[in-house]
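Since we're looking at a predicted model, the values are computed, not measured.
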Amino acid sequence: MIIVGSFLVVVSAVEVVTGLRSLETRESVETFLSEAPSTLGLDVEQVLQILRATALVTAACAAAAAVLGWHVLQRNRGARVGLTVLAVPLFLSGLVTGGFTSSLVAAASLLLWLQPARNWFAGKPAPAVPDQRVPWPPVQASVESSAPPAENGPGTTGADPEVPDQGARPVHGFGDQPSWEAPGAVSLTKPAAPGAAAPGGRPGAVVAAAVLTWVCAGFTLLSTVGSMVLVGTSPDAVMEELEKQQPDLLEQEGVTQDLVVNTVLGAGAVVALWCLVAIVAAVLVMRRRPGGRSLLLGSAVATAVFGLVGALSAPPMILAVLAGAVVFVLLRRPDVQAWFQSR
């Protein structure tokens with residue numbers, strides 16, 4: 001979040017600086033000054049200079065945050081402190097330049113002081129995964145082999161009870177001490193049944209990943225279907241609004257109203273199908289299917305990549321990047337992997 005978000009903040013700040021001299025920006029500043037209290041005492045040029053300085057400060061802080069974010073991955077505590085210091089100017093300057101991404105970078109910097117990141121910086125080991133094997137019944141028993149005992153030496157019969165036979169094999173017992181089973185012995189220890197849940201039931205990370213997928217994919221699916229219905233039933237109204245936002249669109253060669261409508265419907269169908277696949281994959285993940293986990297991991301990566309590309313023109317798309325990254329990290333946790341492998 002810090003590295004990718006900082007890159008987007010730099011791009012946004014450069015865009016703000018390059019657009020300060022545009023007619024649209026000057027009109028916006030004039031409108032702001034006409035509605036602002038007269039005690040400000042600022043003219044258009046002074047406001048533009050303040051915006052330029054703020055954008056440059058934002059870009060510098062974001063560039064430094066991206067570099068520190070890389071060092072944070074190397075468990076550098078000084079980089080974590082530096083990011084915490086930069087979180088304040090990033091948040092404040094983002095409010096002035098209208099950058100939502102800078103607030104996300106500042107929030108992500110503060111997350112480094114919470115668990116489990118705090119334990120990771122302190123070098124504490126990760127919590128051990130509980131034993132997946134289930135002994136049954138609660139008494140370890142075996143039927144000894146009918147083979148005659150081996151002699152250990154002159155005048156000695158039978159094997160040393162403290163030394164297991166060379167052909168014996170260890171089997172899992174209770175605690176840390178294994179029990180020994182002779183060749184041909186019949187063990188009454190029942191192995192874990194296929195699909196048996198790990199102690200404590202389904203990991204919370206699995207539930208969180210599934211719920212986040214259902215919420216995001218469901219919202220996107222409803223929005224996409226609604227847009228497709230609107231374009232299909234009222235194409236003229238949609239094209240009129242599109243002409244207001246992009247007056248030169250229909251003037252380009254080969255661009256017609258039918259082409260725009262068909263493109264929107266086709267892209268909407270692809271997005272809707274993608275959302276349905278993600279929802280089904282989340283259901284399979286909850287049912288402990290490894291194939292569903294692989295499918296949801298691929299969907300999360302693709303969502304993050306396309307969201308990152310879309311965020312360059314539409315900053316709110318950064319939410320898709322964050323959602324895909326969170327789902328990917330949750331499904332890659334050690335306890336989640338152990339839960340799927342113990343199936």
Is there a path of hydrophobic side-chain contacts, each under 4.5 Å between heavy atoms, that joins Val215 and Val327?
yes
Which value, rounded to the nearest 0.5 Å, describes the distance between Arg202 atom CZ and Arg287 atom CZ?
10.0 Å
More than 12 heavy atoms of other residues, nucleotides or ligands under 6.0 Å from CZ of Phe121: yes or no?
yes
Between CG on residue Leu56 and CG on residue Leu51, distance to nearest 0.5 Å
11.0 Å
Give the cluster check for Leu104 versus Leu308: same hydrophobic cluster or not, with ILVMFWY residues linked at side-chain heavy-atom distances below 4.5 Å.
yes
Nearest 0.5 angstrom please: Leu86 CG to Ser6 OG, how far?
9.0 Å
Is Leu90 linked to Val57 within one hydrophobic cluster, defined over Ile, Leu, Val, Met, Phe, Trp and Tyr using a side-chain heavy-atom separation of less than 4.5 Å?
no
Please answer whether the main-chain N or O of Val229 pairs with a side-chain N or O of Thr233 as donor and acceptor at a distance below 3.5 Å.
yes
Say whether Ile279 and Met286 are linked into one hydrophobic cluster, either directly or through other cluster members, by side-chain heavy-atom distances under 4.5 angstrom.
yes
Give a yes or no on whether the backbone of Trp339 and the side-chain of Arg288 come within a donor-acceptor separation of less than 3.5 Å.
yes
Minimum heavy-atom distance between Ala323 and Leu212, given as atom pair plus value
O-CD2, 3.9 Å
When you group the ILVMFWY residues by side-chain heavy-atom contacts below 4.5 Å and let the links chain together, are Val277 and Trp214 in the same group?
no
Say you draw a straight line from OG1 of Thr58 to CZ of Phe91; how long is it, rounded to the nearest 0.5 Å?
12.5 Å
Quick check: closest heavy atoms across Ala208 and Leu330, and the distance to 0.1 Å?
CB-CD1, 3.8 Å
Less than 4.5 Å apart, side chain to side chain, heavy atoms only: is that true for Val271 and Cys275?
yes
To check you understand the geometry: which heavy-atom pair defines the closest contact between Met228 and Gly268, and what is its length?
SD-C, 3.5 Å
Side-chain donor-acceptor pairs of residues 294-304 under 3.5 Å, sequence neighbours excluded:
unit_1, atom_1, unit_2, atom_2, d
Ser294, OG, Pro290, O, 3.3
Ser299, OG, Trp274, NE1, 3.1
Thr303, OG1, Ser299, O, 2.7

Shortest non-hydrogen contact from Asn76 to Ala79?
OD1-N, 3.1 Å
Going from CD on Gln337 to OG on Ser342, what distance comes out if it is rounded to the nearest 0.5 angstrom?
12.0 Å
Apply side chain to side chain contact (heavy atoms under 4.5 Å, CB included) to residues Leu8 and Val321 and explain how you reach the verdict.
CA-CA 12 Å; Leu8 296 178; Val321 180; 6.0 Å; no
If I take atom CG from residue Leu73 and atom CD1 from residue Ile3, how far apart are they, to the nearest 0.5 angstrom?
5.0 Å
Are more than 12 heavy atoms from other residues, nucleotides or ligands located less than 6.0 Å from atom CH2 of Trp70?
no
Minimum heavy-atom distance Val206-Phe340, with the two atoms named
CG2-CE1, 4.5 Å
Does the Lys NZ or Arg CZ of Arg80 fall within the cation-pi geometry relative to Trp113 - under 6.0 Å from the ring centre and within 45° of the axis?
yes
Taking all non-hydrogen atoms of both residues, which atom of Ala62 and which atom of Val10 are closest, and how far apart?
CB-CG2, 3.7 Å
